[in-house]
Protein chains: 2
Amino acid sequence: MTTIYDVARHAGVSAATVSRVVNGRSSVDPALAERVRQAMGELKYRPNAVARNLRRSQTTLWAVIISDIGNPFFTAMVRGVEDVAQKAGFSVVLCNSDEDPAKEGKYVTAALNDQMAGVIISPSGRGTHVNRLVEAGVPVVVIDRLPRGVAVDTVMVDNEHGAQLATGHLIEAGYERIACVTGPRRLSTAAQRLRGYQRALRAAGRKVRTELIRFADFREEGGYAAMADLLRQDPRPDAVFAANNLMTVGAVECLVDQGVRIPQEVGVAGFDNIPWAHLVRPTLTTVDQPTYELGRTAALLLAERITEPTRPASSVTLHTQLHVRESSRR
Amino acid sequence: MTTIYDVARHAGVSAATVSRVVNGRSSVDPALAERVRQAMGELKYRPNAVARNLRRSQTTLWAVIISDIGNPFFTAMVRGVEDVAQKAGFSVVLCNSDEDPAKEGKYVTAALNDQMAGVIISPSGRGTHVNRLVEAGVPVVVIDRLPRGVAVDTVMVDNEHGAQLATGHLIEAGYERIACVTGPRRLSTAAQRLRGYQRALRAAGRKVRTELIRFADFREEGGYAAMADLLRQDPRPDAVFAANNLMTVGAVECLVDQGVRIPQEVGVAGFDNIPWAHLVRPTLTTVDQPTYELGRTAALLLAERITEPTRPASSVTLHTQLHVRESSRR
DNA sequence: CTGTTAGCGCGTTCAC
DNA sequence: GTGAACGCGCTAACAG
């Protein structure tokens, strides 16, 4: 490994000068600078990022801690983050907490120990470790889910409104017994989407029946199981609102497996974009989120906070959009 | 930030002893160790990973450089990597090269500068930077695609065989003019899957028609465009083999949009698992890869190489499996 | 078993 | 505009 001293010697200057050339901060005599650059080229010098980070006690890395790498929602969001980060001179490393507070904790610790420049995180609910980041003074932006009692920048969507829209649509479509499969109680998104569902029912003068509500895990299997369980009800529901993409897919799988016709016997509407939703037969009615924008916005906020750490925390809410397709029209 | 010296002072020992306790390497008197641990607790000491890395000139991080974070194939693979890494005491950071050699280059540079402990990479074809890693002596495992002229550990699937299987199945199903949409020429997977397609045709005594072959980008749009182009042929193909998951979806979208009935007018078989392939109507025939295992194997190989850097490079090939569904049965 | 010493490679004072 | 010197926080030698 060639160090800054090797370059300095080879160019006949001091290490300080090489450092200046590398970082382009203070001005260096053009002739010298050229000599240094040439020496760097000949020796194939690569600055040691670790040493630099130690010295500056700062890295140029952002950690993005998401809760399910298998969910296209998060991966799409990451693209938005990446594009902004790139331009701002940061690299993005992705960490998958898998909805597990313990795993999340490990990544938070790593981010802290590795002196990451910033963190974008979708907290894994109650046991989340975001506060540790905040207390340590690390720039943080929370995405997708509201953290409890921590003042941080957040980027969310209008979950309640979106859920209300979807449920309202099912009501208008003429469904009578509309069920809801929402996510884990500990997650704000699950609670908000459930609330939107309830609000839509009440707005239509309907009764909210707790026996038609299920709390699942935001995954395919959970959606499947919840749907299966709902179908055992008597009378059974004639429509279902699923609170995220994977659970919607799970619910549909269950209905297909049981030979229940969509949308004639059971109507379906889901929250969240579903890749190739239009290829599934029937095509699926969804509440779409501006996923890429979500990531972009979070990244923008993070960049701002890094340059201006004392700025008061801000909350951005982006809007969802209902896409009516075949699964909810009978 | 509390340092190891703060802890040492507080516990009345030397920094070296604290270091020993933290790393549990050489043995320390239990009483002392306890005192140190207590001091660490009271001061909320977190070891500075950056300083440690500088000293050891090694991190505990693996970089996984994939070429499309939007492709479920790669994200599923990453789960396999993660599970192994976790157990071996490494953290995984994910980098998305987006099939762009320049972006890949940036991440490779970062991995080098940051002294990553190892790298798992799916090279972005011709302009790949894997050799830089190898030359620098960084443990590397190449996944999914064959690198050219570099001796590294690799984990692949039997692309040619799988493609042959799928194409052979289309032939047996009675299709006459079978087209192929494969990936970029520069990628070994694209070439191998194309070869499998050709081999199946020849094995059945059919002629390989170049006008029925398209090179696309391994993405949805590419598959769509290629299919659209193929449909303009006269006579048009009556079946298509698409060389990866996203392109299969794209091709199907195109067929649906143009009102071409699957599998009656055009049969479809695709390489690679497709999430909810069984929900799409008609359900899609696919050649499934052991995605998780692929990641797991790569991680295992990487761990081995790290502990035993001089071991000769090995190549592992995993097997694919044909899943016949409705899209190819007429 | 424990403490002392000496860097890892770099950026940043501070003189000149 | 440039160089010498110091130290970021830690761990690997070496003595003791």
Side-chain angles (χ1 to χ4, degrees), chain A residues 1-37 39-40 43-61 89 109-117 136-137, chain B residues 1-37 39-40 43-61 89 109-117 136-137:
Chain A
M1 154 161 257
T2 78
T3 77
I4 204 169
Y5 282 99
D6 300 329
V7 177
R9 203 176 314 121
H10 196 259
V13 298
S14 78
T17 300
V18 178
S19 171
R20 291 186 185 108
V21 172
V22 169
N23 297 294
R25 298 202 183 280
S26 109
S27 55
V28 177
D29 184 271
L32 272 196
E34 189 42 42
R35 248 164 59 205
V36 169
R37 259 186 280 276
M40 292 198 300
L43 300 180
K44 295 189 181 172
Y45 170 68
R46 274 184 299 102
N48 181 324
V50 181
R52 163 184 293 170
N53 294 341
L54 175 59
R55 184 53 234 242
R56 292 204 213 166
S57 57
Q58 258 274 338
T59 67
T60 175
L61 253 45
T109 302
L112 250 25
N113 294 355
D114 286 336
Q115 324 233 91
M116 296 282 193
Chain B
M1 155 161 255
T2 79
T3 77
I4 202 168
Y5 282 100
D6 300 329
V7 178
R9 203 176 316 120
H10 196 260
V13 297
S14 78
T17 300
V18 178
S19 171
R20 290 186 185 108
V21 172
V22 170
N23 297 293
R25 297 199 184 280
S26 108
S27 52
V28 177
D29 184 271
L32 270 196
E34 189 42 42
R35 246 165 59 207
V36 169
R37 258 185 283 275
M40 292 197 302
L43 299 180
K44 294 191 182 173
Y45 170 68
R46 273 182 301 99
N48 181 325
V50 181
R52 165 185 293 171
N53 294 341
L54 176 59
R55 183 56 234 239
R56 291 208 197 142
S57 58
Q58 258 269 346
T59 67
T60 174
L61 254 44
T109 302
L112 250 25
N113 294 355
D114 287 334
Q115 323 232 89
M116 297 282 194

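Here is how names work: the chains are called A, B, and so on, in the same order as the sequence lines, proteins then strands, and each is numbered from 1.
Toward the 5′ end of DNA chain C lies the nearest nucleotide of B:Ser14, the other residue of the pair B:Ala51 and B:Ser14 mapping further downstream. Sequence order on DNA chain C of the closest nucleotides to A:Arg20 and A:Thr3 puts A:Thr3 first from the 5' end. The nearest heavy atom of DNA chain D to B:Ala16 and to A:Ala15 marks one nucleotide each, and the one closer to the 5' end goes with A:Ala15.
Between A:Val13 and A:Val21 the shortest side-chain heavy-atom distance does not fall below 4.5 Å. Between A:Ile4 and A:Tyr45, the closest side-chain pair of non-hydrogen atoms falls below 4.5 Å.
Using modelled atom types, one side-chain atom of A:Thr60 and one backbone atom of A:Gly89 make a donor-acceptor pair closer than 3.5 Å.
When distances run from any side-chain atom of B:Arg55 to the nucleotides D:dT2, D:dC10, D:dC8, the shortest one goes to D:dC10. When each of C:dG3, C:dC10, D:dC10 is scored by its nearest atom to the side-chain atoms of A:Arg52, the top-ranked nucleotide is C:dC10. With distances taken from any side-chain atom of A:Arg56 to the nucleotides D:dG1, C:dA6, C:dG11, the minimum falls on C:dG11.
One can place CZ of B:Arg25 at 15 Å from C1' of D:dA13, the figure rounded to the nearest angstrom. In this structure, B:Tyr5 atom OH and C:dA6 atom C1' are separated by 10 Å, rounded to whole Å. Between the OH atom of A:Tyr45 and the C1' atom of C:dG11 there is a distance of 10 Å, given to the nearest Å. Spacing between atom CE of A:Met1 and atom C1' of C:dG9 amounts to 8 Å, rounded to whole angstrom units. The distance from atom CG of B:Asn23 to atom C1' of D:dT11 is 8 Å, rounded to the nearest whole Å. Taking atom CD of A:Gln58 as the reference point, atom P of C:dC10 lies 18 Å away to the nearest angstrom. Between the CG atom of B:Leu54 and the C1' atom of D:dC8 there is a distance of 9 Å, rounded to whole Å. Atom pair A:Ile4:CD1 and C:dC8:P shows a separation of 14 Å (rounding to whole Å applied).
At the heavy-atom level, B:Asn53 lies nowhere under 4.0 Å from the strands shown. Within 4.0 Å of A:Ser19, counting heavy atoms only, lies at least one base atom of the nucleic acid. When heavy atoms are screened at a 4.0 angstrom cut-off, B:Val13 is found touching the sugar-phosphate backbone but no base atom.
Here the CG atom belonging to A:Leu54 is positioned 8.0 Å from the CD atom belonging to A:Gln115, to the nearest 0.5 angstrom. Atoms CG and OG1, from A:Asp114 and B:Thr59 in turn, are 8.0 Å apart once rounded to the nearest 0.5 Å.
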